[in-house]
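Below: one structure, written as structure tokens.
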Amino acid sequence: MKLAELAKSFDPSDIERRWYALWEAQGYFNAGFDPAKTEAFCLLLPPPNVTGTLHMGHGFNQTIMDTLTRYHRMRGANTLWQPGTDHAGIATQIVVERQLDAQGVSRHDLGRAAFIDKVWEWKAYSGGTITQQMRRLGASADWTRERFTMDADLSRIVTQTFVRLHREGLIYRGQRLVNWDPVLGTAVSDLEVVSSEEAGHLWHIRYPLSEGEGHLTVATTRPETLLGDVALMVHPEDERYQHLIGKQVRLPLSERTIPIIGDTYVDRTFATGCVKVTPAHDFNDYAVAQRHALPLISILTLSATLNEQAPESYRGLDRFVARQKIVADLEAQGLLEKVEAHKLNIPRGDRTGVVIEPMLTDQWFVAVNKATGAAGDQPSIAAKALACVATGEIEFVPGNWVNTYNQWLNNLQDWCISRQLWWGHQIPAWYGSGGEIFVAEDEATATTQAAAAGYHGALTRDPDVLDTWFSSALWPFSTLGWTPEWTPGSNTHPALDLYLPSTVLVTGFDIIFFWVARMVMLTEHMTGKIPFKHVYVHGLIRDAEGQKMSKSKGNVLDPIDLIDGIELDALVEKRTRGLMNPKQAAQIEQRTRQEFPSGIPAFGTDALRFTFLSLASPGRDIKFDLNRCDGYRNFCNKLWNATRFVLMHCADQDLGLDACTAQTVDAGSDAAASACSTQLSFSFADRWMVSQLQRSEAAVAKHFAEYRFDLIAQTIYELVWDTFCDWYLELAKVQLQANTELASPAEVEQRQRSQRATRRTLVRVLESILRLAHPLIPFVTEELWQAVAPLAGRQQAGTTSSIMQAPYPTAQLEKIDEASEARVQQLKELAYACRHLRGEMKLSPALKVPLILCVAPALAASDKTPAESVTESVTTPADWLGLAPYLQALGKLSSVELLYDAQQFEQRVASSGAPVALCASARLMLQVEVDAASECARLLKEIARLENELSKTQGKLSNESFTARAPAAVVEQEQKRLADFQAQLIPLREQLRLQQTRLQQ
RNA sequence: GGGUGCUUAGCUCAGUUGGUAGAGCGCUAGCCUUACAAGCUGGAUGUCGGCGGUUCGAGCCCGUCAGUACCCACCA
């Protein structure tokens, strides 16, 4: 590509789609199976809901995964990013049911088969949305291996796993109290219930004693469940009630009498200290009933209306309607003592928002705490999952998430895996007419099993499906083509051999329980392998105020809108469309218009990705700040324009590549290096740039190893902007200036060799930077690399290779050049001193002024030996002369005059009264007329600053315990500072005296 | 009740063996400087939440208090 083709400004939309399509078509994302490669890197995409759309959390999560994948791929590993989607049983079924509702049809009207067909239709319609959006983010997942949890092969593995676990006694069916969603009509797991504090009441109800006068008063938040009470309970040591234990009370509104029992579960200090026991409708009461062998009386139907166990007048009433009627009836009978306002935690289904009802039902469970092994002598799956982390085989990053993981697994109850839904993996269990249970991979096998057991009647398959997370838990091996016959290393299952365990799981903390722990349990048990080696846990993306993004708050950002930009009206429409509560629309609209008065500009994918990465500090949620996006779009533009600069100076120029190819220099061969030296003459600035590059490369490698994406981004940002653009390009401009006044042919020759070296450094450093940055910002780097790589000898002109196939840069520490670094450091300090002086003097940037630079040792007045400073690394007049042209350019100087005689310098200062700055032992004087008064003020300020520093340092050094106990290097450093401050103060005070004299005249 | 974070410039955040407090954005003064005004150059801005301890020395380590956020468990 020629310079002419690189637009003046960077336009992301133009390049993004083009490159993605090409990468995918070329198969660059495909899993690696190269036996010659020693490393393997594998990532599992946490499968998003197949019918979902991309949100900021996905964008963040996937940017991290893609960055890791691209990094390891370029580093030469066999690489697989395994994508796929989840059938998301409950969520998807709800969506389709709502669509049917809108047409006035229920799923029961359709019937199971027709309903499932409808869901598949919906999946076919909307199933590609999220994976298409992932592509917009640049996600380099191997789409040829994309899986869906309900694919035939994955479903088969689900069944096989279920059957095996059942055979091993680790899956069982039983009647238990489970969380029941009465609207959805299914059980849900503990994790799918969210409790939040809501305003309610505490009803104080009198239970008359069966014998004699009096009553006990019970406080309850759920008066309607009174009909299912089987006892009253008091604390056995409660003196108020002790004597009543063993007596009976009459259950109000019912003909039953129930006993009074004692149990230490009761808190004597809360309410009346007397509790009703309703084991069929409360988890704690259920446990009490088990302890006391009490009966269970369920008074609710599965849709939470009162059933035939309730007195006739209540039957058929909804639980909340029944509550009102019961309270009214109690009041009428004088049994309602009082009603108090009371805040309590209400459990709701996380998908439906419906109040969850503990319900006694038959369900399937995974026995997570049951010993495994044929003889029952092996640890439970939960214990094994704990062990994988305890031994360090699986490592959490950041490490403190281990606590969360351990705590959960240590308190784990059996996992209810059956759901009374239609969309999902149907449970492979068949029932005989007498309740016989046959679990098998298919009906034929079940029939055979039944026959063997002596049952020859009809079989009915269990209508229930499995919890979505059951199939998700198998994802690490089900996506890799697992079969029960797999033995590791047998070459029959190459993907499993290479990619199980995967390298790292990248996830938010919210699914450690849902997914991470369950993957560890089931993958370990089924395959004997851990599912992944590292778990990188990242934070949640929040809005600018730190609020969770949610539809109802109307603060959701769509990553695609940040990439493409969106008009205000469209954004408002999007945020207010389809609200559960349409009343919020006005407020959301107002806030949106206030926050984004002109909509959201298009930042492009690279800027968005860079923003995510630079915000990815460990252990922190992320307040997403659009200003950062803006800044990183500017960064992409900076890189773009730096490339324009390099191309402008290097395209069609002699870069010395013929004698000295990129590869041979990389190899560090002496022969190549000597061939180079005849053509190339690298300046200290060139060597400094190369040296800085090595340091950044080493830093990036370290940060990748530690998953510090924020620091990777920061390192690259600083390398590009500060080091390469702000300094090296400016230095290179000086080196590339056409010098027409060279006298001898030898000087001309030397100039050519030097400029050739500079161009070469420009091109090769830029080319390395592009590769270094590619995993973070893939699109702009690819686009620019196409233009730069041929110049750098990395790519043959006219070929179609990609930066994706180029190797990742690694630091060559032998190229670190401390001497050149010291010289550039000195040059920078001199430039800063000039600029600072100019600023203080309020000189126009357009005005070029002469500089007189005194480099004689000016410390004669000090009896201390000047400690070594960077200045002393430049020793010869020739070196000083070498710095002059750079300083002239960087400091906007018309000329640089060097003085080696301090006295002479001081005379010049005295005669002109010009401002002087200090830079280590060098002194700089700008030859400009200054106002003596303002110069005095400036000097006083500077002297005061130095005196303050000086006294701090003196204080330290006069402290004997400091000099005695601090390390020698630290003491030495303080002594050096002291000397420097003293040395600097001398000329400043002299200068001040001079200016004050002028002022008086 | 149990657990985990966080508190550093106006805002968002870095600060990894304890040794001179940083970045971006914003603010401000000035610049169309031959890659970039999505830019360049200069400047201002901090009792590093409070208190106590360890140490020659603490933003960092320890204790404690306060504020704040989240996770788990739910006293009916």
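A quick note: this is a predicted structure, and the numbers were derived from the prediction, not measured. Lettering of chains follows the sequences in order, A, B, ..., and the numbering in each one begins at 1.
- Comparing B:C36, B:G19, B:G42 by their nearest atom to the side chain of A:V970 picks out B:G19.
- The pair A:D630-A:R633 meets the salt-bridge criterion, with a side-chain N (NZ, NE, NH1 or NH2) lying under 4.0 Å from an Asp/Glu carboxylate O.
- Distances were taken from every side-chain heavy atom of A:H649 (C-beta onward) to each of B:A35, B:U4, B:C36; the shortest belongs to B:A35.
- Using a 4.0 Å heavy-atom distance criterion, A:D267 is classed as a base contact.
- For A:N284, a side-chain nitrogen or oxygen approaches OP1 or OP2 of B:C75 to under 4.0 Å.
- Taking a cutoff of 4.0 Å between a charged side-chain nitrogen and a carboxylate oxygen, A:R938 and A:E840 do not qualify as a salt bridge.
- A:T611 places none of its side-chain heavy atoms less than 4.5 Å from the side chain of A:D625.
- Regarding A:R644, its CZ atom lies at a distance of 11 Å from the C1' atom of B:U34, rounded to whole Å.
- Note on A:D710 versus A:R708: salt bridge recorded, some NZ/NE/NH1/NH2 to OD/OE distance being below 4.0 Å.
- Within residues 339-347 of chain A, the residues approached by RNA chain B to less than 4.0 Å at the level of any non-hydrogen atom are A:H342, A:N345, in residue-number order.
- Listed nucleotides B:C56, B:G24, B:G39 differ in distance to A:N634; the shortest reach to its side chain belongs to B:G39.
- A close approach under 4.0 Å does occur between a side-chain nitrogen or oxygen of A:Y265 and OP1 or OP2 of B:C75.
- You'll find that the side chain of A:Q973 is closest to B:U20, out of B:G24, B:U33, B:U20.
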Tabulated below should be each protein N or O lying under 3.5 Å from an N or O of nucleotides 7-13 of chain B; please produce it.
residue, atom, partner, partner atom, Å
B:U7, OP1, A:R620, NH2, 3.1
B:U12, OP1, A:K623, NZ, 3.3
B:C13, O3', A:R620, NE, 3.3

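- The side chain of A:K638 places an N or O atom within less than 4.0 Å of a non-bridging phosphate oxygen (OP1 or OP2) of B:C40.
- The side chain of A:T220 approaches B:A76 more closely than any other nucleotide in the set B:A14, B:G39, B:A76.
- Checking A:K276 against A:T225 by side-chain atom types alone, a donor-acceptor pair falls below 3.5 Å.
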